Structures are given as structure tokens and as C-alpha cells.
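Model, not experiment: these values are computed from the prediction. Reckoned from all heavy atoms, side chains included, excluding hydrogens, waters and symmetry mates.
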Amino acid sequence: QLDYRPALTAEPVLEGVRTTSTFVVDQPRCVFEDYGNAVIWLVVALDQGRWEQSRAGDVQGASLCPPPTLLTPIPIPAAASTFNNSQRPGTSETAFQGFPDAVRAYMTLNATLGSYPCPKPDGEIAVLRVGSETSCIGDVTRPTCNGPLPIPGPYRVKFLALEGSEPVAQTRWSTPITLITAKPPSSISTAGSGHSADMIAITTILSILFAILLAGLVAMLFFWGSDSCGSSSTFSKPESVTVRRYNTHHVYDQPAARL
């Protein structure tokens with residue numbers, strides 16, 4: 001086991017390190033340098049126990065009725081403490097699509113050592129966002145999907161190096177990571193927030209008055225435009241023009257006057 005514990009990204013300061021379905025952890029730079037042929041996987045486990053279900057014994061005289069289902073006070077341990085490193089990625093026992101009911105821990109974000117160069121180049125943001133893929137949530141052909149986390153958690157993660165199917169190195173488990181829980185709209189109180197009923201009523205009245213004023217202004221501009229267009233397109237009746245006609249008299253040569 002390597003002396004490295006995955007953690008939420010603290011530097012650089014990023015927005016949304018924890019959301020309602022994702023979280024961001026640092027890449028394991030300079031951690032697996034002795035395992036150049038290994039594939040490094042991220043194991044995401046639900047750090048939460050649950051109650052085991054068992055059926056009570058048959059009741060005498062009620063064999064036709066199914067035995068009732070009872071919750072026993074024996075919890076199943078959290079997946080982080082029971083995960084077996086021999087479990088192989090891409091199988092039904094580690095598939096994201098079965099998480100968190102049938103599968104308590106899944107494997108995703110596989111990478112070779114070349115994806116985590118050491119030392120980290122200056123200015124490079126070396127992080128991994130867990131839960132960022134949405135296109136493969138129900139795609140059983142992609143069991144290593146990095147899909148959105150379905151519940152707030154808490155979760156623990158660790159990096160596991162495999163050569164073929166053999167585990168050769170692993171990090172420590174992270175501390176518990178709990179996602180942000182969205183508040184339902186009904187739980188948001190508006191008291192004292194500046195949006196009281198009086199303020200809403202005043203805002204509504206002012207909005208109505210502004211709409212009336214705006215409508216009046218538009219109507220006034222419309223009528224002014226109509227009057228202007230009407231005056232420019234009105235012409236007075238032109239005076240009639242009298243055209244005098246003249247008959248052309250042909251002038252014939254007069255016979256020479258007798259002397």
C-alpha cells in the first residue's frame with residue numbers, strides 16, 4: 001500500500017469542487033512511478049452501511065401466507081472496508097450501472113502512467129472530476145462509466161494499479177466525501193429576504209402603471225405619425241388651365257396687283 005491518500009482539490013481554487021452529483025480530486029502525480037506497465041483505476045465506494053434483510057420463520061398455521069420481511073439490526077459494512085482488490089473492472093460486480101444497490105463500489109477513470117507525468121508541468125491543472133459523464137448512465141456496454149453520483153454519499157475513493165488483472169499497488173482510501181444537497185423550493189423561506197408580500201404588491205402595481213404609460217406613449221406616437229403622413233399626402237385641386245386653340249389660316253399668294 002502506497003503512502004498516498006486521495007483528497008478533494010484545494011489548489012488551485014476551483015468552483016464546484018463538490019456539486020450535487022460530482023466532486024473533484026487531485027490526480028495521483030508522482031505516486032505510481034515504479035509501476036510503468038500498470039493501468040491505474042479509480043475505485044469509488046459508498047462509505048455507508050445498510051441494514052440487511054432476512055425473512056422471519058414460518059408461522060404455524062399460516063403456511064399459505066408468505067413470511068414477513070423484517071429488518072435485522074445487523075448492518076452491512078461500508079464498501080470501502082469490504083472492497084476486494086481482486087475484483088476486475090468492466091464486470092457486473094464493479095459496473096457503474098449497478099451502483100449503489102447491487103454494486104457497492106465501482107471502478108472508473110482508467111489511465112496509464114503517461115497520463116500522470118511527474119513532475120507536473122507548471123500551470124497545468126491536474127484534477128479528476130468524478131461523475132462527469134452523462135451519456136453512459138444506462139449503457140451496460142460501458143461498465144466503467146464515470147457517471148453522475150446518484151446520492152449525496154458519503155463516498156471514499158482510492159487509486160488501484162493493475163497489471164493485467166493482478167493488483168500491484170494501491171493508495172489509501174480518502175476521507176469521507178459528501179456531496180452538496182439541493183434544497184427543495186418549499187423549504188426556502190422568503191421571510192426577511194426583502195421580497196415580502198408588500199414589496200411584491202408594490203412591484204406589481206408599478207409594473208402595471210409603467211405598461212399603461214408605455215401603451216399611451218406608443219398610441220400618441222402612432223397618431224402623430226398618421227397626421228404627418230396625411231398632411232404630406234394631401235394636395236389641393238389644381239386650377240384648370242384654359243388652352244386657347246388657334247386655327248391656322250393658309251396664306252395664299254395674292255395675284256400681282258395690276259398697275
Taking all non-hydrogen atoms of both residues into account, name the closest pair between [X] and [Y] and its distance.
X: Tyr155; Y: Ser174; result: O-OG, 4.5 Å
X: Tyr106; Y: Gly147; result: OH-O, 4.2 Å
X: Gln170; Y: Leu160; result: CB-CD1, 3.8 Å
X: Phe23; Y: Leu179; result: CD2-CD2, 3.7 Å
X: Leu2; Y: Ala169; result: CD1-CB, 4.2 Å
X: Pro100; Y: Ile151; result: CG-CD1, 4.4 Å

Under 3.5 Å: donor-acceptor pair, side chain of [X], backbone of [Y]:
X: Asn110; Y: Ile40; result: no
X: Gln97; Y: Arg142; result: yes
X: Arg29; Y: Pro117; result: yes
X: Gln1; Y: Thr171; result: no
X: Arg156; Y: Ile177; result: no
X: Arg5; Y: Thr175; result: no
X: Thr22; Y: Arg129; result: no

Between Val127 and Asp26, does a side-chain contact (heavy atoms from CB on, under 4.5 Å) hold up when you go through it step by step? CA-CA 4 Å; Val127 299; Asp26 293 324; 4.3 Å; yes
Any chance you could measure [X], atom [atom1], to [Y], atom [atom2], to the nearest 0.5 Å?
X: Leu109; Y: Glu133; atom1: CG; atom2: CD; value: 7.5 Å
X: Leu214; Y: Leu209; atom1: CG; atom2: CG; value: 12.5 Å
X: Thr134; Y: Asn146; atom1: OG1; atom2: CG; value: 10.5 Å
X: Lys120; Y: Asp122; atom1: NZ; atom2: CG; value: 6.5 Å
X: Arg104; Y: Glu93; atom1: CZ; atom2: CD; value: 15.0 Å
X: Thr108; Y: Phe99; atom1: OG1; atom2: CZ; value: 11.5 Å

Modelled atom types, side-chain donor and acceptor of Ser165 and Arg88, under 3.5 Å: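 Looking only at side-chain atoms, Arg88 and Ser165 do not form any donor-acceptor pair under 3.5 Å.
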Please say whether more than 12 non-hydrogen atoms of neighbouring residues, nucleotides or ligands are located less than 6.0 Å from CG in Asn84.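 Yes - once you tally the heavy atoms of other residues, nucleotides and ligands closer than 6.0 Å, there are more than 12.
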With a 6.0 Å cut-off (strictly less than), is the heavy-atom count around CD of Glu124, excluding the residue itself, greater than 12?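 It does: Glu124 CD has more than 12 such atoms within range.
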Side chain to side chain, [X] and [Y], heavy atoms closer than 4.5 Å:
X: Thr9; Y: Ile125; value: no
X: Phe159; Y: Leu128; value: yes
X: Phe83; Y: Val43; value: yes
X: Val168; Y: Leu162; value: no

Under 4.5 Å between side-chain heavy atoms, counting indirect links through other Ile/Leu/Val/Met/Phe/Trp/Tyr residues: same cluster for Val103 and Met107 or not?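 In one cluster: no.
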Students often mix this up, so state it plainly: with edges at 30° and 60°, are the rings of Phe32 and Tyr35 parallel, tilted or perpendicular?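 Perpendicular, since the angle between the ring planes exceeds 60°.
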Could you check Thr19 against Ile180 for side-chain contact (heavy atoms from CB on, under 4.5 Å), going step by step and ending with a plain yes or no? CA-CA 5 Å; Thr19 67; Ile180 296 175; 5.5 Å; no
Take Glu33 and Leu113 through the test side-chain contact (heavy atoms from CB on, under 4.5 Å) and record every step on the way to the result. CA-CA 7 Å; Glu33 292 303 297; Leu113 190 61; 3.8 Å; yes
